[in-house]
2 protein chains.
Amino acid sequence: MTKTQPRTRIQEKNRKTILDAGLDVFSKYGFRGSTLDQIAEAAGLSKPNLLYYFPSKEAIHVELLEMLLDTWLDPLREMEHDGDPIEEILSYVHRKIEMSREYPRESRLFANEILQGAPRILDALSDELKPLVDEKCALIRQWISEGRIAEVDPYHLIFSIWSMTQHYADFAVQVDTIMEGKDPFDGAQKYLDYLFISMLTPK
Amino acid sequence: MTKTQPRTRIQEKNRKTILDAGLDVFSKYGFRGSTLDQIAEAAGLSKPNLLYYFPSKEAIHVELLEMLLDTWLDPLREMEHDGDPIEEILSYVHRKIEMSREYPRESRLFANEILQGAPRILDALSDELKPLVDEKCALIRQWISEGRIAEVDPYHLIFSIWSMTQHYADFAVQVDTIMEGKDPFDGAQKYLDYLFISMLTPK
DNA sequence: TGCGTGTTTTACCAATCGGTCAAATGAACG
DNA sequence: CGTTCATTTGACCGATTGGTAAAACACGCA
């Protein structure tokens, strides 16, 4: 089960180059719509050279998805019982916004995979994502029962955080067309803060 | 500039069948990831037969996008100056939710196009979508200046409506995995009502 | 210098891609 | 019936697809 480690410095570098190029292409066109030639050109390598480092197109995609899932759920994991509930939720929103700003390609890669029916990630959604979401929803319900936040459906609360934050990465072209040059992220953070404070502060 | 009308009943029927099959395939795999063979099989027709009704793969895609845009903006157009601002906004949210429930494929087709950089729709975004959004944002600002809704950024307000409502169509696989069988739309509507009333009701 | 290992390229393959064409079929009508 | 036009099909095309094989190259090291 241990992953084969790159042995040389050049292998490490070229694998990273290929994965970065693959992220560029896959995040735009999805798995089926992407070609090895595109990835090869983006990486500045020849197509057979790609296949020297990865056994197949799918292997590149799978490795990208695995790397993605590893880090994608971290922000949610960090939402914990300790502090003030609303601050915990706002921090989670901030982390998600920051990820959309810093890693928009990863967000789009995920969106593309889900749009295509999540063929290579569905098991991970059931085995990793769902239990984590269930756990955090139980935490949110506890906050509600303690009267520390307003009574909202925790699942839809999480969906709304995901959708609004990832929207700025996944639909960046549309957002940029409408906002015309202005950076959307600062305004988004202020808006989302206000939104969740309004909704979650107990009456 | 007038569109060539189908002349016979059988043409009308087959064109509809092809467009429906194209919507199935394109909404899942995007333009580049979809093949004429897939569409032909989904339509129950032979590939050359498809090309008897449409000149090319792209022509099918373009016609789908044009049909989509025609109806996609209607819910926003209906948001008007007349009634109570919060009711107007909630009605818009309801219409958007209903479109995600009734036409999830159209939502995913749009999402795929935007993810791929909107190559066939970017002009329409600038020429049709942006002016409409600008107009409605001016309306929202007027409501704010009249003190009838809380002071929120109208652009991010619209983005948040789009993202949260379309999320239930675009990420249906993920939502279903987490909600396990339960219909998400009823809960979504209740949640979104509460969210926007909380946020928009003037203090 | 030569040797072995790791890396890259050239040439190539079968399968699939979007699309064409001409022939075959179907249906309406006198 | 025969004619005409709309429809469907099978055979095919060049380009592109993911992937392979083997030779060429690069480099460290004795």
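Sequence lines set the chain letters: A, B, ... in the order given, protein chains first and strands last, and positions in each chain run from 1. Small disclaimer: the values here were computed from a predicted structure and weren't measured.
Of the candidates B:Y168, B:Y194, B:Y191, B:Y168 is the only one forming a side chain to side chain donor-acceptor pair (under 3.5 Å) with A:H156.
Under a 4.0 Å N-O distance rule, the pair B:D134/B:R141 does not qualify as a salt bridge. The residues A:E41 and A:K47 are annotated as not salt-bridged, no charged nitrogen and carboxylate oxygen being separated by less than 4.0 angstrom. Using a cut-off of 4.0 Å between Lys/Arg side-chain N and Asp/Glu carboxylate O, B:E98 and B:R95 are scored as not salt-bridged. A salt bridge is defined here as a Lys NZ or Arg NE, NH1 or NH2 lying under 4.0 Å from an Asp or Glu carboxylate O, and B:R15 with B:D20 fails to meet this definition. Using a 4.0 Å cut-off between charged nitrogen and carboxylate oxygen, A:D193 and A:K190 do not count as a salt-bridge pair. A salt bridge does not link B:K57 to B:D37: none of the charged side-chain nitrogens sits closer than 4.0 Å to a carboxylate oxygen.
Of the side-chain N and O atoms in B:N14, none sit less than 4.0 angstrom from OP1 or OP2 of D:dA6. Between A:Y52 and C:dT8 there is no side-chain N or O to OP1 or OP2 distance below 4.0 Å. B:Q11 has no side-chain polar atom (N or O) that falls below the 4.0 Å cut-off from OP1 or OP2 of D:dA6.
Across the protein-nucleic acid pair, B:H61 atom NE2 and C:dC17 atom C1' stand 17 Å apart, rounded to whole Å. Distance CZ (B:R32) to C1' (D:dG18): 13 Å, rounded to an integer number of Å. Between the OH atom of A:Y29 and the P atom of D:dT16 there is a distance of 16 Å, rounded to whole Å. With rounding to whole Å, B:R15 atom CZ is found 12 Å from D:dT7 atom P. To the nearest angstrom, C1' of C:dT8 lies 13 Å from NZ of A:K13. One atom, OH of A:Y53, and another, C1' of D:dG18, lie 20 Å apart when rounded to the nearest Å.
Relative to the side chain of B:I10, the nucleotides D:dT17, C:dC17, D:dT7 differ in distance, and D:dT7 lies closest.
A donor-acceptor distance shorter than 3.5 angstrom exists from the side chain of A:S100 to the backbone of A:T165, with no hydrogens or angles considered.
Between the axis at the start and the axis at the end of the helix from C:dT1-D:dA30 to C:dG30-D:dC1 there is an angle of 10°, using five pairs per end and rounding to 10 degrees.
Within the 4.5 Å cutoff, the side chain of A:L125 has heavy atoms near those of the A:I114 side chain.
Looking at heavy-atom distances under 4.0 Å, B:F54 makes no contact with the nucleic acid at all.
Each of A:P55 and A:D37 was assigned the nucleotide of DNA chain D with the nearest heavy atom; the assignment lying further toward the 5' end belongs to A:D37.
Applying a 4.0 Å cut-off to non-hydrogen atoms, the residues of residues 39-51 of chain B that approach DNA chain D are B:S46, B:P48, B:N49, listed by residue number.
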